[in-house]
**Student:** 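Pasting a structure here, questions to come.
One is the number of the first residue; the rest follow in order along the sequence.
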Amino acid sequence: MFKYIIRNRLVLRFAIYNWLLLKYRKVQYETYPRISGKLFVAGGGTLKLGKKVRLNSCLAANPIGGDSRIILSVSENALMQIGDHTGISNSALVCKENIYIGKNVYIGGGVKIYDSDFHSLNVDTRVSREHDVPKTAPVYISDGAFIGAHSIILKGVHIGLNAIVGAGSVVSKSIPENEIWAGNPAKFIKKMQ
C-alpha cells in the first residue's frame, strides 16, 4: 500500500511538472500528449505535437532506453514537428534547424536524432567559438517509419514511408520507403514484403 501511495504522488508530481513545462516552453499540441515520466524540453524554437503523441520518459515506461528520459531541444528559429499517434521512448532529439516526424512513427529507446554537426569539422574553426558555425540540414522521418532502439539519425537524412531502421544503426544517408536498413553505417538489408 505504501509503495502505491508513493508511486501515485510521483506520477502526480511529474504530471504537474510536465504540464507547466509544456506551457512555459509554449509547446503547441492538438491533444495533450500521453507522458510517462519527466520530460526535458529546452530552447526557444517551435515544438509542435500532433494528436495522441506518446512520450515515454523514464525507466519504468520503457527499460530498453536505459535510465534516461526524453530530451526535446529546439534552438531559436528552429522547428520540430511530431505527428499524430507517434511514440518516442527515452530518446534525445536536438533540432538546430528542422526535424519533422510523421504520423504513426515509433522511435525506440535511446535513439538520438540530430539535424546538426554541432561543431565545424575544421579544427582551426572549431577551437574559435565565434567562427564555429556547424552545418545543419533538416531531418525528415515519414509516416509509419520505425526507428530501432539506440539508433542515431544524422543531419540531412530522409527516412521514407514505412521504412525500418534496425536497432543500433547509424543513419547518415536517406532511406527509401518500404525498406529495412541496419548497421554502422546503416546499409540496405531488404525490401518490405
**Student:** Check step by step if side chain to side chain contact (heavy atoms under 4.5 Å, CB included) holds for Ile88 and Ile70.
**Tutor:** CA-CA 8 Å; Ile88 303 173; Ile70 288 183; 4.0 Å; yes

**Student:** Please determine whether residues Leu39 and Trp19 belong to a single hydrophobic cluster, defined as Ile, Leu, Val, Met, Phe, Trp and Tyr linked transitively by side-chain heavy-atom distances below 4.5 Å.
**Tutor:** yes

**Student:** What's the spacing between Thr31 OG1 and Lys51 NZ if we round to 0.5 Å?
**Tutor:** 8.0 Å

**Student:** In terms of relative ring orientation, are Tyr100 and Tyr140 parallel, tilted or perpendicular, with 30° and 60° separating the classes?
**Tutor:**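 Correct class here is parallel.
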
**Student:** Is it the case that over 12 heavy atoms from other parts of the model lie below 6.0 angstrom from the NE2 atom of His158?
**Tutor:** yes

**Student:** Check step by step if side chain to side chain contact (heavy atoms under 4.5 Å, CB included) holds for Lys190 and Trp181.
**Tutor:** CA-CA 7 Å; Lys190 68 177 186 175; Trp181 285 50; over 6 Å; no

**Student:** Between Val27 and Leu49, does a side chain to side chain contact (heavy atoms under 4.5 Å, CB included) hold up when you go through it step by step?
**Tutor:** CA-CA 8 Å; Val27 174; Leu49 305 176; 4.0 Å; yes

**Student:** May I ask whether Val111 and Leu154 are part of the same hydrophobic cluster, defined by side-chain heavy atoms of I, L, V, M, F, W, Y residues being less than 4.5 angstrom apart, directly or through others?
**Tutor:**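 No; Leu154 is not reachable from Val111 via cluster members.
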
**Student:** Evaluate whether atom NZ of Lys52 has more than 12 neighbouring non-hydrogen atoms of other residues, nucleotides or ligands under 6.0 angstrom away.
**Tutor:** no

**Student:** Looking at OH of Tyr17 and NZ of Lys38, how far apart are the two atoms once the value is rounded to the nearest 0.5 Å?
**Tutor:** 5.0 Å

**Student:** With sequence neighbours excluded, tell me which residues meet salt bridge (charged side-chain N to carboxylate O under 4.0 Å, His left out) with Asp117.
**Tutor:**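 With neighbours one apart ignored, the set is Lys155.
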
**Student:** Under a 4.5 Å cut-off applied to non-hydrogen side-chain atoms, are Tyr114 and Lys96 in contact?
**Tutor:**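 No, their side chains stay 4.5 Å or more apart.
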
**Student:** For residues Val41 and Ile107: do they belong to one hydrophobic cluster (side chain heavy atoms under 4.5 Å, members Ile, Leu, Val, Met, Phe, Trp, Tyr)?
**Tutor:**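 Linked, Val41 and Ile107 end up in one cluster.
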
**Student:** Taking the side chain as every heavy atom from C-beta outward, state whether Met192 and Ile180 have any pair of such atoms under 4.5 Å apart.
**Tutor:** yes

**Student:** Before giving the answer on side chain to side chain contact (heavy atoms under 4.5 Å, CB included), spell out for Ile113 and Val94 the whole-Å C-alpha distance, their side-chain angles and the decisive distance to 0.1 Å.
**Tutor:** CA-CA 6 Å; Ile113 301 175; Val94 181; over 6 Å; no

**Student:** May I ask you to decide if Leu55's main-chain N or O and Arg34's side chain share a donor-acceptor pair within less than 3.5 Å?
**Tutor:**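 Flag not set: sc Arg34 to bb Leu55 has no pair under 3.5 Å.
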
**Student:** I want to check something: taking the side chain as every heavy atom from C-beta on, are Leu72 and Leu47 in contact at a cut-off of under 4.5 Å?
**Tutor:**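 Heavy-atom side-chain distance check passes, below 4.5 Å.
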
**Student:** With hydrophobic residues grouped by side-chain heavy-atom distances under 4.5 Å, do Ile189 and Phe146 end up in a single group?
**Tutor:** yes

**Student:** For a quick test of reading the model, state the closest non-hydrogen atom pair linking Ala145 to Ile159 and the distance between them.
**Tutor:** CB-CG2, 4.0 Å

**Student:** Does any part of the side chain of Ile147, heavy atoms only, come nearer than 4.5 Å to the side chain of Ile153, both counted from C-beta?
**Tutor:** yes

**Student:** Quick one: CD on Gln81 to SG on Cys95, what's the gap to the nearest 0.5 Å?
**Tutor:**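 The distance works out to 9.5 Å.
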
**Student:** Could you tell me whether the side chain of Pro138 reaches within less than 4.5 Å of the side chain of Asp115, counting heavy atoms only?
**Tutor:** no

**Student:** Determine whether Pro134 and His119 make a side-chain contact, defined as any pair of heavy atoms from C-beta on separated by less than 4.5 Å.
**Tutor:**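 The answer is no; the side chains never approach within 4.5 Å.
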
**Student:** Return yes if some donor-acceptor pair links the side-chain N/O of Asn162 with the main-chain N/O of Asn178 below 3.5 Å, else return no.
**Tutor:**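 Not at all, since once roles are kept as given, no pair shorter than 3.5 Å links the two residues.
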
**Student:** Rounded to the nearest 0.5 Å, how far apart are CD1 of Ile141 and OG1 of Thr86?
**Tutor:**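 Rounded to the nearest 0.5 Å, the CD1-OG1 separation comes to 9.0 Å.
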
**Student:** Is the shortest side-chain heavy-atom distance between Leu22 and Tyr32 below 4.5 Å?
**Tutor:** yes

**Student:** I'd like to know if the side chain of Ser91 and the backbone of Ile71 have a donor-acceptor N/O pair within less than 3.5 Å.
**Tutor:** no

**Student:** When you measure from the side chain of Ser36 to the backbone of Ser57, do you find a donor-acceptor pair of N or O atoms at a distance under 3.5 Å?
**Tutor:**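 Side chain of Ser36 to backbone of Ser57, a donor-acceptor pair under 3.5 Å: no, none is there.
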
**Student:** At their closest point, which heavy atom of Ala163 faces which heavy atom of Ile175, and how far apart are they?
**Tutor:** CB-CG2, 3.9 Å

**Student:** First locate atom CG of Asn77, then atom CG of Leu79, and finally report the distance between them rounded to the nearest 0.5 Å.
**Tutor:**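 Interatomic distance, Asn77 CG to Leu79 CG, rounded to 0.5 Å: 11.0 Å.
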
**Student:** Examine distances only and state if a side-chain atom of Ser169 and a backbone atom of Gly183 form a donor-acceptor pair shorter than 3.5 Å.
**Tutor:**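 At least one qualifying donor-acceptor pair exists.
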
**Student:** When hydrophobic residues are tied together by side-chain contacts of less than 4.5 Å, even through go-betweens, does Phe14 share a cluster with Tyr24?
**Tutor:**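 In one cluster: no.
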
**Student:** Are Leu93 and Ile101 side-chain neighbours, meaning at least one heavy-atom pair lies under 4.5 Å?
**Tutor:** yes

**Student:** Hydrogens and angles aside, do Arg54 and Ser89 bring a side-chain donor and acceptor to less than 3.5 Å of each other?
**Tutor:** no

**Student:** Looking at Asn56 and Arg69, would you say the former's side chain and the latter's main chain have a donor-acceptor pair under 3.5 Å?
**Tutor:** no

**Student:** Could you grab the distance from atom CG of Asn104 to atom OG of Ser142, nearest 0.5 Å is fine?
**Tutor:** 12.5 Å

**Student:** Would you say Ser151's side chain and Gly166's backbone share a donor-acceptor pair under 3.5 angstrom?
**Tutor:** yes

